[in-house]
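Worksheet: the structure to be examined is printed underneath.
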Amino acid sequence: MKKILYLALSALLLVACGEKQKEQPETLSLSVSPSSLAFSAEDASAKLINVSTNGSWVAVAADSWIRLDKDSGSGNASIAVKVDAQEEQTGRSANIVFVASLGGQEKQASVTVNQSGNIKPVVVEIVPKPAEFDGNKRASTTYQLLIYSFADSNGDGVGDFKGIENHLDYLDGLGVTALWLSPAHPAHSYHGYDVNDYFALNPLFGTEEDFKSLIDAAHAKGIEIYMDYVLNHSGTGTEWFKSVKADPAGSPYRDYYVLSTGDYPPEAIGGMGRWASLGDGKTGYKGRLHFKVDWTGNTKYVTVTETAGAAQSPNTSHPERWIHIGNKGSLGLYKTADNIYEITLDVDTDWGFLVRTSNDESWPAGTKYGGKSGKNVITLGQPFALDNTEAMDIVFGQTTSYWASFDASMPDLNYGAPDDCENSRAFQSTVSSAKKWVDMGVDGFRLDAVVWVYAKSLEANVKFLDKWYQAVNEEYKLAGHDGNIFMVGEAWDGNHSNPEKYYYKGLPSNFEFDYGSLVSGMLRNLNATGYVDAVNLYLTDHTAQRADAITSIFLTNHDQDRFAEWVGKSEAKEKQAGALLLSTPGKPFVYQGEELGYWGTKQNGDEYVRTPIMWDKAGQDCAKKGVNNKVDSNMLKADISVEAQNAADASILRVYQTWSRLRNTYPALASGEMTKAGLSGSSIASWYMTSGSQKLLVIHNVATSEKKVTVTDSMEKPVGLLGTASYAGTELTLGPNSSVVFEL
């Protein structure tokens with residue numbers, strides 16, 4: 001190569017200088033600097049070579065990837081050198097040879113050009129390789145199960161205990177460690193929250209032997225059983241309530257309920273709810289009455305007196321006020337003076353009457369006037385103050401009423417003063433019934449509507465719950481169990497900060513109602529900022545109340561619209577919600593059908609968010625009667641069934657199975673400490689989970705587009721994946737709504 005370059009340069013110089021040589025030539029000089037140039041693989045910038053000579057010169061690059069802005073000249077010069085981008089991973093090197101000539105003299109110099117190789121990081125497609133599951137469930141995941149609509153074993157269309165037992169393999173495949181069963185007691189309603197006997201089981205669901213068989217079979221698979229317990233109220237079919245209804249004054253159970261003739265602490269009455277009549281008094285009237293309505297002052301009055309005067313026909317000529325009474329409907333009054341309206345009527349009603357300011361049959365808000373709770377009995381001949389907020393029926397005789405926070409079919413139980421509630425008979429009876437189920441093998445309880453036991457009085461509720469928990473826990477220990485019984489409260493009121501977190505003073509666990517909103521908001525807004533901080537706040541706030549606090553997290557439950565509705569029925573977001581739930585600290589609860597992508601709203605009835613499981617594509621054993629056949633046929637189709645989703649690797653069910661198994665496999669994911677990883681990007685939620693020597697890195701991209709993020713931790717051991725992910729060097733690429741877990 002050198003010989004060829006020399007001959008080429010010599011030829012060029014002969015042409016440039018001519019054949020005639022000067023006599024006594026000047027001494028030729030040549031120097032070039034620097035002696036070497038270094039370029040990076042993608043370096044596009046020019047570098048200079050300075051040529052110093054008193055003669056003519058030519059320059060030739062030994063390889064075509066080196067480019068010179070000029071290749072000949074005379075005297076001193078600067079040459080700009082560029083190189084082509086390097087595609088190969090190995091570096092390369094070549095010379096630029098300079099030859100100068102003067103009067104037959106020649107000199108040669110060279111500059112070495114080095115270019116580094118293009119070391120592009122190798123793109124690695126992430127394929128998770130989790131450790132083998134050893135069969136030891138660590139995740140503490142609970143499945144919320146509706147007995148009446150989960151699985152029917154006998155063909156009557158209603159779910160039952162045997163149906164659950166027949167599908168324990170399915171639940172075991174979901175990796176759950178506990179089942180929260182909807183109320184199992186006899187009730188008038190399909191949902192069971194109007195309990196009629198705390199010591200018995202609903203015969204629609206099976207016998208006590210069936211229940212015991214379910215408990216034992218579940219325990220054999222490492223699955224505990226939690227019963228739903230309703231402590232705020234009972235149903236009207238209890239022996240207790242029927243006795244009170246029959247004889248309010250003399251019933252031995254009169255102190256089980258909040259009666260209007262009792263001396264119940266006033267802090268327990270208020271908020272949501274109503275007084276309902278036991279029907280033991282004369283609420284109606286038969287005879288001739290005169291009605292006088294006085295609309296003069298701020299407070300409106302009606303005075304009703306017995307009379308022998310002539311009865312009147314209702315005013316039909318544009319009346320301004322009406323009496324609504326009995327089956328006669330609304331009857332127009334006569335205006336007898338400014339703001340005074342009167343009429344004499346023959347009355348035959350078994351309930352009472354109301355005053356109206358509108359005859360509109362749609363009953364516009366605020367146009368109905370009656371009495372207030374506990375103050376709706378009128379005394380004949382005396383003015384009665386009207387109210388248009390509660391507007392209770394105005395009745396003619398005293399009747400005993402009971403307080404119902406939710407519905408007249410659910411009378412509130414009376415536990416007396418909070419400081420002494422453990423001595424109330426209602427307290428002792430509900431504890432006694434709970435002990436029966438603990439002795440049968442039940443592992444825990446979900447307590448319904450705990451904020452209403454003392455009508456949203458936090459201090460009173462906490463005292464009650466602590467005492468009730470301790471009483472049942474004592475029986476649990478006597479039954480030979482190590483540790484404490486699990487008990488979780490439905491403290492659904494306000495938000496995490498106030499007052500939900502304070503209910504941990506009474507119970508070891510409460511549902512974190514803010515969590516589902518946190519996840520759905522993150523997925524809708526494509527922004528994960530603050531997720532780790534919010535979860536850690538839940539955990540630290542709860543343990544600040546009690547050291548053994550267990551934070552129960554969930555997406556939605558049976559009283560809310562389905563989570564799928566919250567995220568626009570996006571399957572990708574539903575899948576990632578499951579991955580988030582099962583990779584976040586706390587005790588996760590999965591609601592029946594959530595793992596299948598069920599949707600539904602409460603708009604046409606609660607049944608539409610309590611849909612039965614569709615086990616096979618044909619829907620043969622779907623317990624539709626358990627929800628009064630109120631199902632969305634547009635949803636319950638073959639492709640949403642367990643059969644179809646078990647056969648599809650990309651189904652929502654597969655996500656729940658995979659991520660639950662991952663949580664059960666790795667102690668750090670199941671019960672480790674969460675610390676922020678702090679990877680950049682508003683759509684990136686990232687954290688470490690650490691337990692002992694095991695450490696995992698969890699990363700979720702909640703955006704609907706691909707995102708790249710720099711990860712300085714090792715990505716060589718991926719153990720979990722949702723969606724798509726790859727890395728090159730330290731750059732991780734996550735697909736839309738994709739998640740990954742690395743073992744470090």
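Excluded from the calculations below are hydrogen atoms, water molecules and symmetry mates; all remaining heavy atoms, backbone and side chain alike, are included.
- Side-chain contact between Trp180 and Tyr143: absent, with no pair of heavy atoms (C-beta onward) separated by less than 4.5 Å.
- Phe513 pairs by the ring pair (Phe, Tyr, Trp, His ring centres under 6.0 Å) definition with Trp492, Phe554, not counting sequence neighbours.
- Salt bridge status for Asp69 with Lys82: absent, with no side-chain N to carboxylate O gap under 4.0 Å.
- Residues Gln89 and Asn118 form no side-chain contact, since every pair of their non-hydrogen atoms from C-beta on lies 4.5 Å or further apart.
- How far CE of Met522 is from CG of Asn527: 9.5 Å, rounded to the nearest 0.5 Å.
- Of the charged side-chain nitrogens involved, at least one lies within less than 4.0 Å of a carboxylate oxygen, so that Asp548 and Arg546 count as a salt-bridged pair.
- Enclosure of atom OH in Tyr502 is not indicated, since only 12 or fewer non-hydrogen atoms of other residues, nucleotides or ligands lie within 6.0 angstrom.
- Sorted by first and then second residue, the pairs that involve residues 573-586 and meet salt bridge (charged side-chain N to carboxylate O under 4.0 Å, His left out), not counting sequence neighbours, are Glu571-Lys575.
- With sequence neighbours excluded, no residue forms a salt bridge (charged side-chain N to carboxylate O under 4.0 Å, His left out) with Arg524.
- A side-chain hydrogen bond (donor to acceptor under 3.5 Å, both in side chains) with Asn701 is found for exactly one of Ser686, Ser683, Ser738, namely Ser683.
- Proximity of Asp493 to Glu500: side-chain heavy atoms (C-beta onward) are nowhere separated by under 4.5 Å.
- With sequence neighbours excluded, no residue forms a salt bridge (charged side-chain N to carboxylate O under 4.0 Å, His left out) with Arg661.
- The ring pair (Phe, Tyr, Trp, His ring centres under 6.0 Å) pairs that include a residue from residues 688-720 are Trp687-His700, where partners are two or more places apart or lie in different chains.
- The salt bridge (charged side-chain N to carboxylate O under 4.0 Å, His left out) test applied to Lys137 returns Asp172, not counting sequence neighbours.
- Residues forming a salt bridge (charged side-chain N to carboxylate O under 4.0 Å, His left out) with Glu743 (at least two apart in sequence, or on another chain): Lys717.
- Put simply, the side chain of Val124 does not reach to within 4.5 Å of the side chain of Ser726, judged on heavy atoms.
- Taking the side chain as every heavy atom from C-beta outward, Leu734 and Glu706 never approach each other to under 4.5 Å.
- Considering only residues two or more places apart in sequence or on other chains, His542 meets the ring pair (Phe, Tyr, Trp, His ring centres under 6.0 Å) condition with His496, Tyr504.
- Within the cation-pi definition used here (under 6.0 Å to the ring centroid, within 45° of the axis), Lys587 qualifies as a partner of Phe486.
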Start with the C-alpha gap between Asp169 and Lys221, add the side-chain angles, then the distance that decides, and say whether salt bridge (charged side-chain N to carboxylate O under 4.0 Å, His left out) holds.
CA-CA 8 Å; Asp169 284 344; Lys221 292 184 178 293; 2.7 Å; yes
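- Residue pairs that meet the salt bridge (charged side-chain N to carboxylate O under 4.0 Å, His left out) test with at least one member in residues 664-693, sequence neighbours left out, are Asp533-Lys676.
- Counting only residues at least two apart or on different chains, the salt bridge (charged side-chain N to carboxylate O under 4.0 Å, His left out) pairs with a member in residues 125-134 are Asp134-Arg138.
- Screening residues 581-600 for ring pair (Phe, Tyr, Trp, His ring centres under 6.0 Å), with sequence neighbours left out, gives Phe511-Phe589.
- Gly593 and Ile613 make their closest contact through N-CD1, 3.9 Å (heavy atoms, listed as atom of the first residue, atom of the second, distance).
- Inter-residue side-chain proximity for Ile699 and Leu679 is flagged as met; some heavy-atom pair is nearer than 4.5 Å.
- Under the ring pair (Phe, Tyr, Trp, His ring centres under 6.0 Å) criterion, Trp659 pairs with no residue, sequence neighbours left out.
- Taking 4.5 Å as the limit, some side-chain heavy atom of Phe742 sits within range of a side-chain heavy atom of Ile126.
- Residues Asn737 and Gln576 have side chains that bring a donor and an acceptor to within less than 3.5 angstrom of each other.
- At a threshold of 4.5 Å between non-hydrogen side-chain atoms, the residues Met715 and Leu732 count as touching.
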